[in-house]
Structure formats: C-alpha cells, structure tokens
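Working notes, structure below.
The residues of the chain are indexed from 1 along the displayed sequence. Please read these numbers as outputs of a predicted model, since none were measured by experiment.
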Amino acid sequence: MNTEAIHFVAKAILDQNTVLPNGERLIFDMKNWCGTACCIAGWTNVLIPDDKNARQDEHDLFAAERKLGLTRTQALELFSPALTIPYSDVTPQQAADVLLHLADTGSVDWGELKNPLGPLGPKAGGHPTFPRGKRRSARR
C-alpha cells in the first residue's frame, strides 16, 4: 500500500484547490463515481501521473488501485462502496477521512455511511445499481 500517495490524494480532496490544465477547478463529486475525475479514483488518476507500470488499456479504477498500491478488495470497498446515502452526498471531509483511515490501518471504513446489506441491498436514491443479469439455464 502506498500510504504517501493515499495521504496526498486525501489532502488534495480535502483542500479542494486542484486546478486542471484548462483552468477549471477540480470538484470532488461522487455522483459521477466511475470513470470520471470527480470521484476518489478519478482524483487519484488526475493527481498521480502514470508510471512505467501503466497499461494503455487499463481501466481508470484499476489504474487508481495500482497507483495507491491497493488490493482489489480495498479498491472495490474504496471506489464503489454500498452507502446508506446517495454518492453525491459524500463530502470531501468524509472521503478524506476514509482515505486517512485506510493509510493508517490498511482497511476501508465508511462508518455509518456503509450499507450493512451490501451493494445489492436497499440503498438511498442516487446510487448506482449492480444488475445481477439473467440466470442462464444449463443446456444439455
């Protein structure tokens, strides 16, 4: 785990003063949580440039996982948690606190924001859905 990188991203999210090359200020917003520059993974990818280990076809979430030195489980719990509130309601302070806890303990803890029923349980409006898909019957 790259605790230095995790602390760096947490501070940037908390400070909210990152300016993009086009002059726009980067705003933390988890309602656009996947593949954007506004969620924790997106901020990681904007703030930490690719290195020699980068792959051209690497998905943003896997790139952020690699840059922070996370296990797949840590990355899934950090980047796509099942929350009791809409993703858009996650504050920069809450995200930074989760990152700092991760750096200190090695575990992701969203605290009271975590949905104890998991990603397929009931959620507040505004959450992404994870469809189970249709069951396939065995063919003989």
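No continuous path of ILVMFWY side-chain contacts below 4.5 Å connects V19 to I48, so the two sit in separate hydrophobic clusters. Both I40 and L26 are members of a single hydrophobic cluster when ILVMFWY side chains are connected at heavy-atom separations under 4.5 Å. With hydrophobic clusters built from ILVMFWY side chains whose heavy atoms lie under 4.5 angstrom apart, L113 does not share a cluster with L76. V46 is not connected to F62 by any chain of hydrophobic side-chain contacts under 4.5 Å among Ile, Leu, Val, Met, Phe, Trp and Tyr, and they are in different clusters.
In plain terms, the two heavy atoms of L47 and P49 that are nearest each other are O-CD, 3.6 Å. Counting all heavy atoms, side chain and backbone alike, F28 lies closest to A95 at CZ-CB, 3.4 Å.
The backbone N or O of A41 lies less than 3.5 Å from a partner atom in the side chain of N45, making a donor-acceptor pair.
Contact check for T84 versus W110: no side-chain heavy atoms found under the 4.5 Å cut-off. Y87 has its side chain out of reach of C39: every pair of non-hydrogen atoms, C-beta onward, lies at least 4.5 Å apart. Counting only heavy atoms from C-beta outward, the side chains of F79 and L68 approach each other to under 4.5 Å. At least one side-chain heavy atom of M1 sits under 4.5 Å from a side-chain heavy atom of L102. Side-chain contact between N2 and L70 is absent, with no heavy atoms from C-beta onward closer than 4.5 Å. The closest side-chain heavy-atom distance from R72 to E65 is below 4.5 Å.
Every residue was checked against the side chain to side chain donor-acceptor pair (under 3.5 Å) condition with N17, not counting sequence neighbours, and none meets it. Partners of D97 by side chain to side chain contact (heavy atoms under 4.5 Å, CB included), not counting sequence neighbours, listed by chain and number: Q93. Remark: Q94 engages T91 in a side chain to side chain donor-acceptor pair (under 3.5 Å) (not counting sequence neighbours). Residues that satisfy the side chain to side chain donor-acceptor pair (under 3.5 Å) test with T71, not counting sequence neighbours, are Q74. A search for side chain to side chain contact (heavy atoms under 4.5 Å, CB included) contacts involving D50 returns A54, R66, K67, not counting sequence neighbours.
Rounding to the nearest 0.5 Å places CD1 of I6 at 9.5 Å from CG of L100. The CG atom of L83 sits 9.5 Å away from atom CG of D89, with the distance rounded to the nearest 0.5 Å.
Within a 6.0 Å radius of CD in E4, no more than 12 heavy atoms belonging to other residues, nucleotides or ligands are found.
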Exercise answer: donor-acceptor pairs, residues 7-15 side-chain atoms, under 3.5 Å, sequence neighbours excluded:
from: K11; atom 1: NZ; to: D15; atom 2: OD2; distance (Å): 2.5

